[in-house]
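Okay, so here's the structure we're looking at.
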There are 2 protein chains.
Amino acid sequence: MEWQLHPKMNEKLYLKDPDHSEIGKKIISNGISLIRKIGFELFTFKKLAEETGTTEATIYRYFENKLRLLNYIVSWYWHWLDYQVMFNTNNLTDAEKKIKVTIQILTWQLDTNHARQDIDLEDLHEIIISESSKVYLTKHVSEDNKEQLFMPYKNLCSRISQIFIEYNPGYVYPRSLATTMIEMAHYQDFFMNNLPSLTDFGNEKNIKHVRNFLVDLIFSTLEKKLN
Amino acid sequence: MEWQLHPKMNEKLYLKDPDHSEIGKKIISNGISLIRKIGFELFTFKKLAEETGTTEATIYRYFENKLRLLNYIVSWYWHWLDYQVMFNTNNLTDAEKKIKVTIQILTWQLDTNHARQDIDLEDLHEIIISESSKVYLTKHVSEDNKEQLFMPYKNLCSRISQIFIEYNPGYVYPRSLATTMIEMAHYQDFFMNNLPSLTDFGNEKNIKHVRNFLVDLIFSTLEKKLN
DNA sequence: TATTTATGATAGTAATACTATTATTTATAA
DNA sequence: TTATAAATAATAGTATTACTATCATAAATA
């Protein structure tokens with residue numbers, strides 16, 4: 001018997017909860033596959049309506065605009081990821097192991113554990129890599145922040161920074177190191193696949209290299225200094 | 001007597017060289033201030049034409065579209081930054097000092113040395129922080145890359161990675177560490193000012209904290225390990 | 001069964017992202 | 001100096017985008 005996660009999303013992200021209707025769920029799942037396919041710039045509600053077999057007007061009843069829909073999708077992902085980190089580190093006593101598990105999760109590859117009926121996590125992961133920063137790299141980031149639109153990302157950052165503190169209570173930049181780890185998990189992946197000369201993994205494009213880079217980076221930085 | 005830098009820009013970035021005419025130069029300088037002011041999403045060639053006292057059609061003769069103009073501006077900045085790093089590290093013998101100088105340059109604040117008549121470097125720096133990633137986070141990144149549109153960024157990355165190698169020839173991820181340093185110099189700045197709880201510098205928003213974070217991160221990582 | 005609520009179908013608007021045409025001004029070359 | 005070429009201005013036009021509005025109908029609920 002499968003247990004499906006239903007994160008409680010920030011109500012400011014939508015006009016009508018897409019999780020409360022069949023068409024709403026289709027908007028999300030088709031939205032994910034369409035954004036993945038054509039990219040956020042060329043993505044429009046009209047195209048999504050056609051894909052979903054509904055009308056533009058209906059989608060506008062759920063989301064104010066396409067950036068809000070993207071933010072909904074991205075927030076869902078951070079929520080999911082935060083849960084994965086929590087679940088997989090909770091039973092561990094060793095902070096070093098927790099960090100390594102977290103890096104594994106941040107740089108995950110599809111396996112059966114992650115399969116879901118409605119949401120294509122592989123597409124979602126690609127969207128996070130290529131599009132997620134667009135939700136906060138705007139002129140209205142401060143207003144959005146006041147409406148708590150970035151909480152799931154902040155929660156994840158906070159959780160990871162606590163693990164860092166557990167590993168080395170004396171380290172003074174746990175939050176900045178957490179955002180560095182999250183962002184670089186995605187950026188190095190994007191660069192490896194699209195602009196490989198910006199990385200050291202170009203010859204053999206394998207996510208394992210990103211993991212090794214991150215493990216080295218994080219543990220070097222967290223190592224207690226004796227001077 | 002002042003000596004002005006004129007980087008040779010990739011010809012694929014423009015249709016007609018904006019550096020060869022007065023109106024072209026105005027398109028660039030007004031473009032920078034307008035993008036800074038209203039953000040790239042709301043920026044249009046029509047608004048830029050009004051600001052510049054010319055017509056949309058004229059701007060389209062210089063740039064294919066607004067993304068190309070952004071890429072031109074961003075490339076100009078990377079080129080300028082690369083020169084700054086080269087110039088300011090060239091005479092140094094100590095690789096540690098070179099790295100520290102590079103971090104200073106990446107997190108620069110306006111001073112008289114940087115003043116230019118036509119290009120507002122402060123605006124440009126803000127654009128780099130908030131908009132620069134949008135030039136490669138697209139579906140056409142590979143085609144753009146084939147046309148060498150990201151060379152200045154790659155050159156900077158390459159230069160920094162060489163300094164890392166100079167400091168520790170045994171370090172295996174110099175390029176990835178260079179992109180990490182560049183990206184985080186800007187991301188931590190953006191987060192500090194807009195989403196401060198994602199950093200450890202929220203109380204006193206000062207770029208010095210970003211610098212200290214980067215110095216700690218980079219030198220911890222580059223330190224030779226003896227095991 | 002009555003009534004609310006959601007969706008579909010359709011229309012419409014202002015702005016965006018361009019392309020095209022022609023006249024006029026400016027720069028350069030004979 | 002004039003002829004010629006090139007650049008720009010002025011204007012118009014098109015398809016698409018990002019919405020808003022209206023009304024009829026279908027589905028859910030009271």
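Below, each value reflects all heavy atoms present in this structure, side chains not excepted, and no hydrogens, waters or symmetry copies.
When Watson-Crick and G-U wobble pairs are counted only if both distances are under 3.5 Å, dA30(D) pairs with dT1(C).
For the residue pair Lys66(A)/Asn71(A), the side-chain donor-acceptor check at 3.5 Å is not satisfied. A side-chain donor from one of Tyr62(A) and Ser21(A) sits under 3.5 Å from a side-chain acceptor of the other. For the 3.5 Å distance criterion, the side chains of Thr199(B) and Gln188(B) fail to qualify, holding no donor opposite an acceptor. In this model, no donor atom of one side chain and acceptor atom of the other lie less than 3.5 Å apart for Ser158(A) and Ser161(A). Side chains of Asn30(B) and Thr52(B): a donor-acceptor N/O pair is present below 3.5 angstrom, by distance only.
Each of Ile129(B), Leu121(B), Ile127(B) was checked for a side chain to side chain contact (heavy atoms under 4.5 Å, CB included) with His125(B), and the lone residue meeting it is Ile129(B).
Residue Asp17(A) contributes atom CG, which lies 17 Å from atom P of dT5(C) at whole-angstrom precision. For the pair Lys25(B) NZ and dA7(D) C1', the computed distance is 16 Å after rounding to whole Å. Taking atom CD1 of residue Ile59(B) and atom C1' of nucleotide dA17(C), one finds them 13 Å apart after rounding to whole Å. Note: CD (Glu22(B)) to C1' (dA9(D)) measures 18 Å, nearest angstrom. What separates CG of Leu48(A) from P of dT17(D) is a distance of 13 Å, to the nearest Å. Remark: C1' of dT8(D) and CD1 of Ile27(B) are 11 Å apart, rounded to the nearest angstrom. Between the CD1 atom of Ile23(B) and the P atom of dA27(C) there is a distance of 12 Å, given to the nearest Å. As a whole-Å value, the separation of Lys46(A) NZ from dG12(C) C1' is 13 Å.
Residue Lys16(B) places at least one side-chain N or O closer than 4.0 Å to OP1 or OP2 of dA7(D). Here Thr54(A) reaches the OP1 or OP2 of dG8(C): one of its side-chain N or O atoms lies under 4.0 Å away. OP1 and OP2 of dA7(D) both lie 4.0 Å or more from every side-chain N or O belonging to Tyr62(B). A sub-4.0 Å separation between OP1 or OP2 of dT16(C) and a side-chain N or O of Lys47(B) is present. The side chain of Thr58(A) contributes no N or O atom lying less than 4.0 Å from OP1 or OP2 of dT7(C).
Looking at heavy atoms from C-beta onward, Leu48(B) lies in side-chain contact with Phe43(B) at the 4.5 angstrom threshold.
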Write out a two-atom table: protein N or O, nucleotide N or O from nucleotides 24-28 of chain D, distance below 3.5 Å.
none

Please list, for nucleotides 18-21 of chain D, all pairs of protein and nucleotide N/O atoms separated by less than 3.5 Å.
unit_1  : atom_1 : unit_2   : atom_2 : d
dC19(D) : O5'    : Tyr60(A) : OH     : 3.2
dC19(D) : N4     : Glu56(A) : OE1    : 3.4

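Judged purely by atom type and a 3.5 angstrom limit, Asp82(A) has no side-chain atom pairing as donor or acceptor with the backbone of Trp78(A).
Note: Tyr14(A) and Phe63(A) fail the aromatic proximity criterion, with ring centroids not under 6.0 Å apart.
Looking at heavy-atom distances under 4.0 Å, Phe63(A) makes no contact with the nucleic acid at all.
Heavy-atom contacts from other residues, nucleotides or ligands closer than 6.0 Å to NZ of Lys205(B) number more than 12.
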